There are 2 protein chains.
Amino acid sequence: MGRPAVSISSVDPVLVEADEAVPDDYHLQDQIGFILRKANQRHLAIFAARISDLTPPQFAALAKLHEVGETSQNQLGTLIAMDAATVKGVIDRLKARGLVDYGKHEADKRLLMVKLTADGFAMIERLIPLAAQITLETLAPLTAREIGTLMRLLGKIA
Amino acid sequence: MGRPAVSISSVDPVLVEADEAVPDDYHLQDQIGFILRKANQRHLAIFAARISDLTPPQFAALAKLHEVGETSQNQLGTLIAMDAATVKGVIDRLKARGLVDYGKHEADKRLLMVKLTADGFAMIERLIPLAAQITLETLAPLTAREIGTLMRLLGKIA
DNA sequence: TCAAATTCATTCGTATGCAAATGATATCAA
DNA sequence: TTGATATCATTTGCATACGAATGAATTTGA
């Protein structure tokens with residue numbers, strides 16, 4: 001809609017100049033934000049197909065607790081890039097399912113210390129191999145060399 | 001937690017072997033899903049800093065309507081990679097703000113045809129240059145060559 | 001032609017995701 | 001020591017996201 005589909009060469013250069021505020025070359029499909037969102041969507045679909053037990057954020061929380069042991073809810077949020085309000089919801093749902101447990105820190109009563117339960121530990125140990133497969137499947141369209149490149153470049157803008 | 005932080009060389013090889021179900025080398029930070037999520041987070045933060053008027057999904061809807069003109073709500077969802085339930089919410093909020101308008105298709109009464117209002121048209125024409133800047137800022141850590149590579153590889157897994 | 005299958009939109013329920021405000025606790029600094 | 005500042009967790013409000021179920025309208029195929 002924005003404008004008729006004409007080639008630059010067929011248009012008066014002065015008019016092209018005057019219209020530059022809305023470039024012809026802005027297409028949603030070519031924007032990094034849109035492509036990131038689509039790549040993420042595909043990854044989430046692969047995740048859901050292989051792990052129906054947990055959502056990706058829930059998996060991330062359990063995996064990180066498995067990695068670092070008991071931590072404060074806030075610190076956990078920092079480690080998995082989740083803000084305080086979001087991590088609270090995730091942890092509460094995991095607690096409701098008996099996968100994590102938490103309690104106040106004795107010395108610093110501001111801290112809510114979170115840890116895996118035995119069930120949570122068993123669950124994450126079972127799921128980590130599946131998660132590794134999810135990573136592989138997500139990257140399956142790429143060669144080993146391309147995977148390295150993509151991870152390196154994505155890391156730069158993350 | 002999962003296991004003590006010891007170097008492989010200090011561990012009985014047989015024990016290492018027996019423990020392979022939960023590889024030492026699974027780290028959330030290195031998974032494509034986690035990196036994609038973080039890259040997306042950074043992009044969204046840049047977007048919010050430059051465009052406070054609209055959310056990214058709202059912008060996407062207006063930008064696509066600007067590109068293709070009047071379309072059905074469902075078709076719009078396909079074009080911007082949004083499912084029917086989600087796009088409905090986005091369009092309803094845009095309609096409430098007078099940026100889009102919609103009505104039943106005369107021939108095919110299943111279709112809800114959506115289009116920009118004059119206000120919506122003016123708004124998106126004003127914002128598209130800002131969106132182009134957002135794209136640039138998101139990609140600022142990369143060279144021109146790296147940008148091309150990243151877009152190509154991301155496109156493969158999107 | 002007409003019953004079955006499809007398509008489109010809507011609604012419901014659940015789960016992020018984040019800004020902003022609030023209260024409790026801890027730390028810092030004069 | 002104590003008032004200002006900072007940190008942590010919680011709550012609220014709004015906006016995606018998406019699976020699943022539902023109803024209306026259209027298309028298809030025997």
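Computed from a predicted model, the values in this text were never measured in an experiment. Sequence lines set the chain letters: A, B, ... in the order given, protein chains first and strands last, and positions in each chain run from 1. Hydrogens, waters and symmetry mates are skipped; everything else that's a heavy atom, side chains included, is used.
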Task: Approximate separation, where rounding is to 0.5 Å, of Leu94(B) CG and Thr55(B) OG1 - done: 7.5 Å
Task: Phosphate contact (dA15(C) OP1 or OP2) by Thr55(A) side-chain N/O below 4.0 Å - done: no
Open item on the list: OP1 or OP2 of dT27(D) versus the side-chain N and O atoms of Arg110(B): is any pair under 4.0 Å?
Closed with: no
Interatomic distance, [X] [atom1] vs [N] [atom2] [rounded to whole Å]:
{"X": "Arg42(B)", "N": "dG17(C)", "atom1": "CZ", "atom2": "C1'", "result": "19 Å"}
{"X": "Arg93(A)", "N": "dT16(C)", "atom1": "CZ", "atom2": "C1'", "result": "7 Å"}
{"X": "Leu44(A)", "N": "dA15(C)", "atom1": "CG", "atom2": "C1'", "result": "12 Å"}
{"X": "Lys95(A)", "N": "dT10(D)", "atom1": "NZ", "atom2": "C1'", "result": "16 Å"}
{"X": "Phe47(B)", "N": "dC18(C)", "atom1": "CZ", "atom2": "P", "result": "15 Å"}
{"X": "Lys38(B)", "N": "dC18(C)", "atom1": "NZ", "atom2": "P", "result": "12 Å"}
{"X": "Lys104(B)", "N": "dT26(D)", "atom1": "NZ", "atom2": "C1'", "result": "14 Å"}
{"X": "Asp108(B)", "N": "dC8(C)", "atom1": "CG", "atom2": "P", "result": "8 Å"}

Open item on the list: For Asp108(B), give me all partners under salt bridge (charged side-chain N to carboxylate O under 4.0 Å, His left out), at least two apart in sequence or on another chain.
Closed with: Arg110(B)
Task: Basic-acidic side-chain contact under 4.0 Å: Asp53(B), Arg126(B) - done: yes
Open item on the list: Whether Asp101(B) and Lys95(B) form a salt bridge (side-chain N of Lys/Arg under 4.0 Å from carboxylate O of Asp/Glu) is what I want to check.
Closed with: yes
Open item on the list: Show, in sequence, the C-alpha distance, side-chain angles and deciding distance for Gln29(B) and Lys64(A), and conclude whether the side chain to side chain donor-acceptor pair (under 3.5 Å) test is met.
Closed with: CA-CA 10 Å; Gln29(B) 286 63 30; Lys64(A) 186 53 77 175; 3.0 Å; yes
TODO: Ignoring hydrogens and angles, tell me if any N or O in the side chain of Arg50(B) forms a donor-acceptor pair with the backbone of Ala131(B) under 3.5 Å.
DONE: no
- [ ] Identify whether any heavy atom of Ala61(B) sits under 4.0 Å from a base atom; if not, whether one sits that close to sugar-phosphate; answer base, sugar-phosphate or nothing.
- [x] nothing
Task: Joint hydrophobic cluster, Met113(B) plus Phe121(B), side-chain heavy atoms closer than 4.5 Å - done: no
- [ ] Find which nucleotide of DNA chain D each of Gln58(B) and Tyr102(A) is nearest to by heavy atoms, and output the residue with the more 5' nucleotide.
- [x] Tyr102(A)
Task: Sorted by number, the residues of residues 72-92 of chain A with heavy-atom contact under 4.0 Å to DNA chain C - done: Asp83(A), Ala85(A), Thr86(A), Val90(A)
TODO: Between dA25(D), dA17(D), dA26(C), spot the one nearest the side chain of Arg37(A), thanks.
DONE: dA17(D)
